[in-house]
Amino acid sequence: MFSKTLRAAPLAISALLLTSPPAASGSSLAPVEGPLARAEFDKELSLDVKNVDMVTAFRSLARATGVPFVIDFENDPTLRVTFKAENMVSRGILASLASSYGLEFSASDDGIVVRRPGAPSAAHATTLGAWPARSASPSYRLAFIVRGPDAQTKFSAALTLKKNIVGKVRVNANGQGGVEVTEPRGIAAPSYAGGFELRVAVEGEADGALGLLTELVTSRPLTRESYAEDHTVRNRRVAPGETLLARTPDGHEVVLSDWTKVGPAETNRR
């Protein structure tokens, strides 16, 4: 068992766990369930903790495992924790702590909540450690030029897109154009009859080139109340610099004049 006072000798957790009877031949271990089932608790640790309070002990465990702990009981400075672990699975260390000190674990978005039934609840729970930051998906700024059949520039515009989000470069039947972003990718509203739309989605970046999925949608009137659309889908890999992405049957061109990576600028919690 764990030593709870300074006078008692530290417990070598490795020696305790190694005395457990081996699994029978051909048997399989039951899957771990509950708040200690996280993959981070498969990690083997070597820790030497001597005569510290419970908060300090779990601060060391949070640092070693990369998992935050939320202490939801009043810290008792007279309750001392001493243990030694050598190359032991962190899940076993936590289970031994729970057994020796009457602790209960539960999961939350903030971390593994630690409670001690019978002990006064904390006025404000103490969170030790934090989840590793996860980078947001990068964004890419795509600059476009749309030229008319006379090779003159009709307009220029830019879109900033994350991976798999669709941007649109549109020109309607009256020759007016613009850009927009739709989320998520999916079936879009029909184009104006007689206009066209280039849909663009970033698929990823590799070796200095940007992977794009493009869909050119051109429309033509059939009657006063109906029209038909033609769709042309292409996968492209484009280097920085000017690239012709699409040419419509009536001679319009959509050119990617340049692209740059602009992110990520923020991080997400788990």
Side-chain angles (χ1 to χ4, degrees), residues 1-135 266-270:
M1 61 188 302
F2 278 71
S3 168
K4 298 184 182 180
T5 67
L6 179 60
R7 295 185 298 274
L11 171 67
I13 298 175
S14 56
L16 173 67
L17 296 183
L18 286 174
T19 61
S20 301
S25 176
S27 66
S28 59
L29 296 176
V32 178
E33 298 179 353
L36 300 186
R38 299 189 63 90
E40 291 93 334
F41 294 145
D42 294 335
K43 184 179 180 180
E44 291 187 354
L45 303 179
S46 293
L47 289 174
D48 191 359
V49 175
K50 295 179 181 179
N51 191 38
V52 300
D53 59 44
M54 193 68 72
V55 168
T56 301
F58 273 96
R59 182 176 287 111
S60 297
L61 286 164
R63 187 181 302 113
T65 60
V67 175
F69 291 91
V70 181
I71 308 302
D72 196 17
F73 59 89
E74 289 294 338
N75 191 34
D76 181 357
T78 67
L79 181 62
R80 313 306 291 178
V81 179
T82 297
F83 68 87
K84 184 177 181 180
E86 296 179 356
N87 298 322
M88 298 311 301
V89 175
S90 56
R91 185 178 297 110
I93 298 174
L94 292 167
S96 295
L97 276 171
S99 175
S100 294
Y101 292 95
L103 305 178
E104 292 181 354
F105 299 117
S106 61
S108 77
D109 290 341
D110 293 326
I112 301 300
V113 179
V114 185
R115 294 186 176 90
R116 191 167 178 245
S121 297
H124 301 284
T126 300
T127 301
L128 308 170
W131 295 117
R134 288 187 171 180
S135 297
E266 70 281 347
T267 58
N268 296 331
R269 290 184 58 186
R270 316 188 158 188

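These numbers come from the heavy atoms of this one structure, side chains and all, not from hydrogens, waters or symmetry mates. As the structure is a computational prediction, the values presented were derived from the model and not from experiment.
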Legend entry - Worked check of side-chain contact (heavy atoms from CB on, under 4.5 Å) between Phe58 and Thr126: CA-CA 11 Å; Phe58 273 96; Thr126 300; over 6 Å; no
Inset, instruction - Show the numbers, then the answer: is there a side-chain contact (heavy atoms from CB on, under 4.5 Å) between Val67 and Trp131? - result: CA-CA 6 Å; Val67 175; Trp131 295 117; 4.0 Å; yes
Inset, instruction - Take Met54 and Val81, measure what side-chain contact (heavy atoms from CB on, under 4.5 Å) needs, and give me the verdict at the end. - result: CA-CA 6 Å; Met54 193 68 72; Val81 179; 4.0 Å; yes
Inset, instruction - Decide side-chain contact (heavy atoms from CB on, under 4.5 Å) for Leu94 and Phe69; before the verdict, give the C-alpha distance in whole Å, the side-chain angles of both, and the deciding distance to 0.1 Å. - result: CA-CA 11 Å; Leu94 292 167; Phe69 291 91; 3.9 Å; yes
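Annotation: the span from Ile112 atom CD1 to Ile71 atom CD1 amounts to 11.0 Å, rounded to 0.5 Å. Atom CZ of Arg63 is separated from atom CG of Leu47 by 10.0 Å, given to the nearest 0.5 angstrom. How far CD of Glu44 is from CD1 of Ile93: 9.5 Å, rounded to the nearest 0.5 Å. The structure places CG of Leu61 at 11.5 Å from CZ of Arg59, a figure rounded to the nearest 0.5 Å. In this structure, Leu128 CG and Asp110 CG are separated by 12.0 Å, a value rounded to the nearest 0.5 Å.
For the residue pair Ser46 and Asn87, the shortest heavy atom distance occurs at OG-N, 2.9 Å. The minimum heavy-atom distance linking Arg38 with Arg91 is given by the pair O-NH2, 3.2 Å. When all heavy atoms of Ala107 and Pro35 are compared, the pair lying nearest together is N-CB, 3.9 Å. Smallest separation of non-hydrogen atoms from Ala64 and Lys43: O-NZ, 2.8 Å. For Pro117 against Gly102, the heavy-atom pair with the smallest separation is CD-O, 3.3 Å. Minimum heavy-atom separation, Gly111 to Ser108: O-OG, 2.8 Å.
Looking only at side-chain heavy atoms (C-beta outward), Phe105 and Val113 stay at 4.5 Å or farther from each other. At a threshold of 4.5 Å between non-hydrogen side-chain atoms, the residues Asp53 and Arg80 count as touching.
For Glu74 (side chain) and Ala123 (main-chain N/O), a donor-acceptor pair under 3.5 Å exists by modelled atom type. Put simply, the side chain of Ser99 never gets that close to the backbone of Ala95: no donor and acceptor are under 3.5 Å apart. A donor-acceptor pair is defined here as one N or O able to donate and one able to accept, closer than 3.5 Å; such a pair exists between the side chain of Thr82 and the backbone of Asn51. Checking side-chain atoms of Arg116 against main-chain N and O of Asn75 turns up no donor-acceptor pair under 3.5 Å.
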